[in-house]
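Each chain gets a letter, A, B and so on, in the order its sequence line appears, and its residues count up from 1. When reading the values below, keep in mind they use all heavy atoms of this one structure, side chains included, and skip hydrogens, waters and symmetry mates.
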Amino acid sequence: MNQITNFTKGFLKENPVFVLLLGTCPALATTTSAWNGLGMGLATTFVLVMSNAVISLVKDIIPDNVRIPSYIVIIASFVTIVDLLMAAYLPALHSQLGIFIPLIVVNCIVLGRAEAFASRNNILSSAIDGLGMGLGFAIGLGIMGGIREILGSGAIFGLKLHLFGQVDGMLAFVLAPGAFLVFGYLVAMLNIINKKI
Amino acid sequence: MKSTLTNMWLVLGGITLIAGGALSYMFELTKAPIEAAKQEKLKQAIAMVTPAFDQMKTISVAPADGQGDSLTFYQVSSKGQVVGTAVKTWTDKGFSGRFWVIVGFDTSGKVINSNVVEHKETPGLGDKTDIAKSDWNTQFKGKDLSQFQLKVKKDGGQVDAITAATISSRAYCDALQRAYDAYMLNQKNTTKP
Amino acid sequence: MEYIIILISAIFVNNIVLAQFLGICPFIGVSNKVSTAAGMGGAVLFVMVLATIVTYLIQTAILDPLGLSYLQTISYILVIAALVQMVELMLKKVSPTLFQALGVYLPLITTNCAILGVAIMVIQKDYNLLESVTFAGASSIGFTLALIIFAAIREQIDLMDVPKALKGVPIALVTAGILAMAFMGFTGVV
Amino acid sequence: MSSFATHTLKTFSIGGIHPPENKWSAGQKIVTLPIPKQVSIPVIQHIGAPSKVLVNKGDVVKVGQLLAESSGFVSANVHASVSGKVSKIESAFDSSGYKRISVIIDVQGDEWLENIDLTDNLISNITLESAEIVKKINEMGIVGLGGATFPTHVKLSIPENKKAEYLIINAVECEPYLTSDHQLMMEKSDQIIVGTRILMKALKVNKAIIGIENNKPDAIELFSQKLSGPSDIEVVALKVQYPQGGEKQLIKSVLNREVPSGKLPIDVGCVVQNVGTAFAVYEAIQKNKPLIERVVCVSGHDLKNPSNFMVRMGTPVETLIEATGGVPEGTNLIINGGPMMGKSISRLDVPVTKGTSGILMFKQTVSNHNQYQACIRCAKCVSVCPMGLEPYYLMSLAQKNRFDEMEAAYPTDCIECGSCSYTCPSHRPLLDFIRLGKSEVNQIIRQRNQR
Amino acid sequence: MIKHDGIIKNIDNQTIEISIIAMASCASCQIKGVCTSSDVQEKIIKIETTSELSYQIGDKITVEMSEQQGNIAVLWAYVLPLILMILSLIVSSILLSNETLIGLLGIGVLLPYYSILYLLRNKIRNQFNFYIIKN
Amino acid sequence: MNLNLKMSLSPHIHSGNSVKKEMYGVIWALVPVWLVSIYFFGVDALRVTLISVLACLAFEWLIQKFLNKTESTLWDGSAGVTGILLAFNLPSNLPTWMIIVGAFVAIAIAKMSFGGLGQNPFNPALVARVFMLISFPVQMTSWPVPDALNFSMVDAQTGATALGIMKEGLKNGEPMSELMNHIPETFDMLLGRMGGSMGEVSALALILGGLFMWWRKIITWHIPVSIIATIALFTGILHALNPGQYATPSFHILAGGALLGAIFMATDMVTSPMSKKGMLVFGIGIGLITVIIRVFGAYPEGISFAILIMNAFVPLINKYLKPNRFGKEVKNG
Amino acid sequence: MSETIWLTIVILVAIGSISAIVLYIVAKKFYVYEDPRIDEVVNILPNANCGGCGYPGCKAFAEACTKAEDLSNLFCPPGGSDNMKNVAELLGLLAVQKEPQVAVLRCNGSNQNRKKTSRYEGVENCSIASQFFGGDTDCTYGCLGYGECVDACTFDAMYMDKDTGLPVIIENQCTACGACIKACPKDLIELRNKGKKSRRIFVSCMNEDKGAAAKKACDVACIACNMCVKACKYDAIAIVNQRAYIDFSKCVLCRACVSVCPTNAIHEINFPARKVTAEKVEEPQLEA
Ligand SMILES: Cc1cc2nc3c(=O)[nH]c(=O)nc-3n(C[C@H](O)[C@H](O)[C@H](O)COP(=O)(O)O)c2cc1C
Ligand SMILES: Cc1cc2nc3c(=O)[nH]c(=O)nc-3n(C[C@H](O)[C@H](O)[C@H](O)COP(=O)(O)O)c2cc1C
Ligand SMILES: Cc1cc2nc3c(=O)[nH]c(=O)nc-3n(C[C@H](O)[C@H](O)[C@H](O)COP(=O)(O)O)c2cc1C
Ligand SMILES: Cc1cc2nc3c(=O)[nH]c(=O)nc-3n(C[C@H](O)[C@H](O)[C@H](O)CO)c2cc1C
Ligand code: SF4
Ligand code: SF4
Ligand code: SF4
Ligand code: SF4
Ligand code: FES
């Protein structure tokens with residue numbers, strides 16, 4: 001496969017959030033603002049790239065029967081590493097994302113990519129695949145966070161936009177209902193876009 | 001690869017071994033920064049409501065009326081001299097759920113500053129009690145609570161309530177009152193360094 | 001009282017799906033029929049409680065005393081994965097008929113997300129064992145409740161002429177959004 | 001409304017509607033229509049298997065002569081309604097809009113078979129035995145005249161493990177506009193009573209009930225008078241409510257018995273027959289007269305003379321209409337039967353058959369089945385359905401071709417009364433889709449039973 | 001009724017082995033290959049028949065089971081052990097104070113439960129009926 | 001001979017009822033309420049209603065024309081009803097743009113996303129109201145104090161609703177007897193002389209409208225009666241147990257939106273159950289949840305949430321509480 | 001080495017190996033090797049998920065293919081023979097060769113050829129209409145024109161021609177999945193071999209009435225006059241139920257029958273034009 005399409009497919013055609021609907025929980029929970037969404041996405045990207053690379057490196061020595069447990073250990077290790085690093089150096093973001101950092105380990109994209117891609121391809125392709133998918137995820141979360149932030153608190157990346165006069169924004173968008181609504185309409189939009197191209 | 005019992009053991013053992021090694025190394029590496037970050041957070045919260053300090057002492061104190069969970073006192077001192085106390089206090093009168101506030105008193109019992117630690121109030125309403133969202137709680141700065149009527153104006157006090165969030169405003173006052181009462185009651189034994 | 005508060009809170013006020021955003025995948029993906037949703041709820045209930053007990057024990061008996069709580073993620077996920085499989089294996093050995101009936105009846109979801117999430121949350125909330133079990137049970141009841149309501153709504157929507165672009169997952173999400181809005185009415189009940 | 005209007009009037013329990021009655025031809029004496037020049041007699045005029053044609057082109061037949069013979073248990077004989085020469089045997093349109101094998105007879109005179117008693121004498125003495133009655137009813141080609149044209153002998157042949165307790169005579173005529181049963185009752189009450197007794201004898205029951213809706217006070221009075229005193233036949237006045245004429249509803253109304261879903265009236269010990277059928281039975285048994293003519297009510301918007309006619313089977317519908325003064329200007333819908341259950345017809349050369357109870361000519365019709373809106377889930381259809389079904393749901397499933405699921409919603413219970421479509425504010429053609437679903441579900445059930 | 005399409009894999013005396021291809025809701029899903037939340041693997045169902053039926057290996061068939069039976073299965077497999085587990089937790093927590101022990105007792109109750117299930121396995125088998133319909 | 005006859009299937013006659021007639025019936029029933037709200041809230045009441053209705057119609061038209069490309073149902077009145085009921089759920093001093101946002105949520109999100117009239121599982125006006133309540137809590141909880149025939153354009157004074165006063169007071173630990181002094185008289189509540197949303201203030205006008213709809217057979221009694229009865233019963237029990245803590249049933253029924261909700265919003269046929277049994281269960285559910293939220297929850301008013309929550313249960317209710325089928329159980333007399 | 005590192009490794013290895021044992025046992029009992037070829041087969045397939053093959057979706061079909069020992073019972077109509085050949089190649093099996101087929105409409109009772117005798121104002125649904133009456137013309141066998149077949153086609157291979165009132169099949173889009181055949185209550189659609197150069201000849205009429213009645217109802221009805229039967233040298237035509245039927249396994253596309261038909265009931269498709277005899281309503285790809 002061409003490395004470029006390999007890299008870009010995660011953006012639109014196979015966008016993990018809006019098309020494949022993987023990792024819906026973090027997508028809903030952590031997108032209260034653009035930074036949070038992006039942060040979560042990048043953390044996932046890190047895990048994805050690293051675990052894809054490592055798995056493709058060791059794929060040949062892993063016996064079939066312990067494939068899944070081995071993958072889980074590898075992935076979980078990277079998740080723990082991200083968790084520790086963020087706690088140490090990005091404490092504010094870490095506390096915002098909370099429980100959803102350890103939950104990266106069960107995010108379907110990570111294990112799914114390991115199974116479907118990294119276990120069959122070389123290290124470079126796997127890393128690129130991970131990066132593409134991860135960035136697709138991160139951008140998706142970032143956009144969703146951005147929309148919710150603009151509508152919900154009238155700001156983007158923390159910058160106040162003063163859109164709504166006497167109120168900051170429509171609070172529903174930073175709360176649970178807004179997450180579902182924005183997600184729903186974004187999925188629909190990507191449906192349409194993908195059909196058009 | 002075909003699986004046999006030995007290669008499975010070897011591989012899985014190897015992977016966990018390496019993972020364990022890497023993780024523990026990482027843990028050792030980040031231990032200090034994490035601890036520092038945690039301390040930093042607390043310190044910042046305390047520093048915001050107290051004068052500059054170089055030492056801190058943590059004490060757990062029961063509320064003045066003896067009801068409910070105890071409060072945490074962070075007695076701060078500079079150059080061996082107690083300069084103030086930050087009190088982490090709570091109230092259940094919030095709009096929803098328990099409401100945690102930290103308030104700093106100087107040695108005379110005046111409020112230095114106060115802020116929200118943790119709350120479940122509605123974003124946009126109750127969260128205006130947070131200094132990051134609005135400067136509502138600056139009205140308590142420097143107030144001597146023995147003179148200042150710690151009640152919202154509607155209830156005959158001196159506090160301007162947040163528009164449409166009287167409940168949260170009241171709760172905040174309640175938390176401060178609890179801290180103040182406990183502080184005054186315990187002042188005798190806590191002023192000693 | 002403590003337990004009742006945990007129960008009501010986890011079912012209605014902080015519903016695991018509608019407010020905590022855990023287990024969304026099965027919620028969106030598998031909730032098409034009411035009967036299956038109810039059955040699945042039973043399965044999740046059992047697995048969630050069992051997993052919570054085991055991970056709680058691991059945390060309090062092994063990780064905490066040894067100062068290794070940072071191994072939470074990795075050990076939980078391994079244990080949960082193994083546990084779920086073991087239950088299945090037991091069942092198959094013990095009563096092949098039941099196993100088959102379940103095989104026909106349910107898409108066996110492991111809802112890793114929700115199970116791991118609840119296991120971690122009980123530790124974060126400093127619950128004791130019984131509180132943890134209550135919380136896990138209540139969370140899965142909340143999950144089942146949301147799933148059943150949602151399955152019924154989707155059965156109905158299935159008969160409607162939803163605009164093409166919104167068919168399927170998008171309209172399910174919009175519905176979930178409105179449902180979450182409605183459930184916000186329970187704010188402050190506990 | 002009348003002296004019988006008491007608040008204790010009986011009716012059925014669930015659903016029902018009350019459309020404007022518009023019984024314009026009420027009270028019009030039954031006029032015997034002249035015999036037309038040519039008749040076209042389809043060999044299938046009943047529910048069941050088509051009959052086998054016995055005559056050939058060129059044969060000369062007499063009135064009452066057997067034209068086609070019943071070809072199975074659920075099937076019926078067809079007799080010549082006129083005398084003359086068989087000019088053709090071909091498929092011709094009947095009122096269903098499909099072509100059917102029909103015997104076309106060019107009328108010559110009016111020659112009857114000798115054994116038919118053409119006098120007006122009332123013969124009340126029933127000489128035949130139960131089994132003989134059923135046999136003769138079969139021979140005479142009697143089918144139910146209440147609309148379904150179900151062969152009467154089949155209904156009278158009670159399966160061995162069941163027992164009839166009541167004969168119920170359906171004199172409800174709940175369809176708006178139609179008056180044929182009403183007029184028949186006013187003019188042939190004695191014959192109907194004898195016919196009822198014949199049916200009772202055939203069924204070996206000693207109790208019959210005639211159910212009449214309260215909008216026919218004269219008929220109620222007449223029959224009550226004739227049957228006053230302790231009698232084996234009881235007259236029950238019923239509250240006006242469509243579709244009280246549906247046999248399950250009627251049984252519920254008069255006896256408060258509920259025929260279980262998927263079961264027949266006989267399962268609750270009842271047999272329901274139309275008054276017209278009772279009259280036909282009388283004529284068949286006592287007078288040897290096969291079912292060759294019936295009362296047809298002709299009515300409609302702006303019609304000059306709404307009438308009730310006694311018509312030979314096979315007479316073109318056109319003849320009836322002309323006798324009432326022709327199709328009124330602006331008529332755009334002609335219905336064979338009542339407005340709730342009848343079928344529209346597109347041509348006037350189709351024949352009157354055993355099932356034709358009325359011909360209605362309408363100007364503006366409110367029902368346009370093609371312009372309907374989305375269901376607003378108002379539950380009106382649910383509340384009027386006499387069978388307690390959920391028409392909105394059945395229609396949605398049928399629209400989406402989800403017939404598998406539909407089975408669980410009991411479309412087979414639907415009696416096709418049309419109350420749901422009548423009442424739906426969104427003008428949804430509920431019954432159209434339910435009929436479709438019904439036939440598909442029946443097919444599924446049949447397939448399953450075959451396995 | 002719950003219906004699944006399947007293929008006959010094996011016929012052995014009175015037992016028919018059917019492979020259920022995929023759960024209906026997953027069959028058309030584009031990511032079922034990578035999904036970990038639902039089990040989309042092949043499931044093998046063994047059905048004992050009493051009558052000689054004209055099935056062949058490779059026949060496409062539909063397996064049917066009533067929803068009620070499904071619910072009974074869930075009851076036996078999950079709900080009852082859950083109730084036992086919770087009861088055992090409550091009882092032992094009244095008697096004991098060591099949480100680890102309480103927890104182990106809670107889980108431990110599953111062992112006798114499964115043993116009982118094992119003893120009852122033939123009884124249970126008679127409670128469940130699957131129907132197979134040839135497509 | 002070709003008469004150009006129409007071939008159509010039975011039945012050939014129709015009751016003449018139509019969606020339009022039903023919807024305009026509701027609009028007529030709402031007129032008294034509207035007049036009362038204009039009487040008390042002045043020009044602002046007019047403004048809010050007008051904007052809300054126009055915005056609802058506009059969104060309905062735009063979406064049907066350009067997005068869904070379905071036939072226009074603009075004039076069947078359903079969007080109008082949604083607009084009016086939405087307006088009746090708002091304080092009369094709400095800024096115009098917020099009303100438009102609400103109309104958008106009602107029509108675009110809650111109605112058209114599901115396919116339009118008849119397809120939406122949730123009551124559009126209530127989805128909008130709850131959305132706005134969550135989004136604009138300040139504006140949505142400051143109620144203008146009613147002032148008869150005040151047509152001046154000056155901003156009216158704002159205050160809390162009777163329920164709001166009650167909730168806040170109880171949170172603050174004030175005793176019920178004390179609180180009752182701040183609360184309007186029963187008679188005022190009947191007429192509408194109290195703070196609140198435009199449509200909920202006058203109990204009499206609401207009941208009048210309800211009776212009109214019942215007479216026109218637009219609604220049946222089951223839903224409103226079961227809601228009100230449940231609220232009365234439940235609050236009655238609580239009041240009897242502890243009068244110092246819980247208000248009287250009549251207060252709970254007359255203050256706030258209980259009547260508006262029970263008569264006009266819970267009865268929305270699209271989002272309520274199909275069988276009579278179902279309607280009763282639906283009503284009881286709404287009553288219970290309303291009281292739970294009002295008495296134990298954070299929100300002073302609970303009927304909007306209660307109706308939405310029960311809307312979610314409607315498909316389940318429809319599935320398990322079917323109408324009595326003829327011949328299902330054999331009843332032989 | 002610090003204590004943490006020690007403990008970590010010990011605990012992790014312990015937990016890892018315990019769960020690994022469980023997972024191993026389970027995997028051994030449960031794991032079904034998912035044939036990677038399934039995905040490859042899916043990639044070859046048209047991925048229309050139309051169900052034409054009898055499986056719930058393309059993936060299920062692919063799975064069946066990889067498991068099957070021979071492909072004789074497996075055929076994907078949309079993909080056609082070429083596609084199956086590729087699948088077979090990939091799996092190292094023998095493919096079934098089926099002549100490519102296409103749907104044809106066996107009714108030419110357009111608005112022009114068949115006059116309306118009544119006005120149907122019912123639900124526009126062929127099944128419902130056909131249950132109710134024979135149709136709004138005197139031919140009770142012909143197309144009702146409410147487009148149920150068009151709705152059934154998932155490949156957009158059909159549309160209703162407003163002028164003729166008949167459905168039209170777009171030849172190169174039709175995959176011969178047969179959905180329309182199931183949908184049509186009048187059984188008017190048939191799958192016929194595409195024929196050489198996509199040419200085919202068939203009788204476009206299903207009327208069973210006697211000649212005169214049929215002709216009266218519709219200008220292009222087959223009147224069972226036997227002319228074509230006589231004209232065909234290959235015995236490909238037979239008259240059953242008052243209408244002719246051309247067996248496409250015998251027809252050699254000689255066109256002899258076409259010109260003798262007095263009512264133009266026989267259609268030829270994709271033939272070069274010849275001397276103009278009568279106007280014919282043809283399928284549109286002739287122009288295209
Ligand atoms: C969605 C919503 C959220 C609210 N959140 C809060 C809150 O967090 N804090 C608060 O004091 N009041 C909150 N309120 C308002 C209270 O219910 C109550 O109306 C208000 O405190 C009355 O006080 P006022 O006199 O300040 O208007 C909220 C109201 C709504 C509708
Ligand atoms: C297969 C079949 C068997 C029937 N057997 C009996 C019977 O044994 N006894 C009876 O009273 N009616 C019998 N019926 C007649 C029906 O109950 C009913 O009268 C008939 O379908 C006409 O009903 P309608 O005029 O209400 O539409 C039978 C009908 C069918 C279709
Ligand atoms: C909706 C409905 C309405 C009916 N109305 C009448 C009616 O008014 N009069 C009548 O005799 N039969 C009516 N029938 C037919 C009866 O159900 C029943 O078939 C008939 O009375 C049996 O008698 P028969 O076999 O003598 O026709 C109606 C049937 C249905 C389904
Ligand atoms: C009795 C009745 C009550 C109604 N109540 C509401 C309502 O509360 N909210 C609303 O948006 N529409 C209401 N409508 C209008 C209509 O049903 C609503 O717009 C649909 O839900 C849109 O599909 C009502 C209509 C009727 C007939
Ligand atoms: S036609 Fe059928 S579904 Fe409709 S009301 Fe009558 S019985 Fe009920
Ligand atoms: S009467 Fe019409 S609109 Fe009302 S529920 Fe039935 S189908 Fe729907
Ligand atoms: S539905 Fe008919 S026209 Fe469409 S692809 Fe299938 S066979 Fe061809
Ligand atoms: S071919 Fe058949 S399905 Fe298609 S429009 Fe004609 S009648 Fe209807
Ligand atoms: S991401 Fe949470 S269940 Fe899938």
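A distance-only check finds a donor-acceptor pair linking the side chain of S113(F) to the backbone of A108(F) [under 3.5 Å]. Without hydrogens or angle criteria, E60(F) side chain to I107(F) main chain gives no donor-acceptor distance under 3.5 Å.
For chain C, the option among F131(F), F313(F), F114(F) with the highest count of heavy-atom pairs below 4.5 Å is F114(F). Interface summary for chain F: among I148(C), L179(C), I157(C), V34(C), the most heavy-atom pairs under 4.5 angstrom belong to V34(C).
Each of L280(F), N311(F), I317(F) was compared with P273(F) under the side-chain contact (heavy atoms from CB on, under 4.5 Å) criterion, and only I317(F) meets it.
No side-chain N or O of Q59(C) forms a donor-acceptor pair with one of S69(C) less than 3.5 Å apart.
Within the 4.5 angstrom heavy-atom criterion, only side-chain atoms of I289(F), from C-beta onward, approach chain C.
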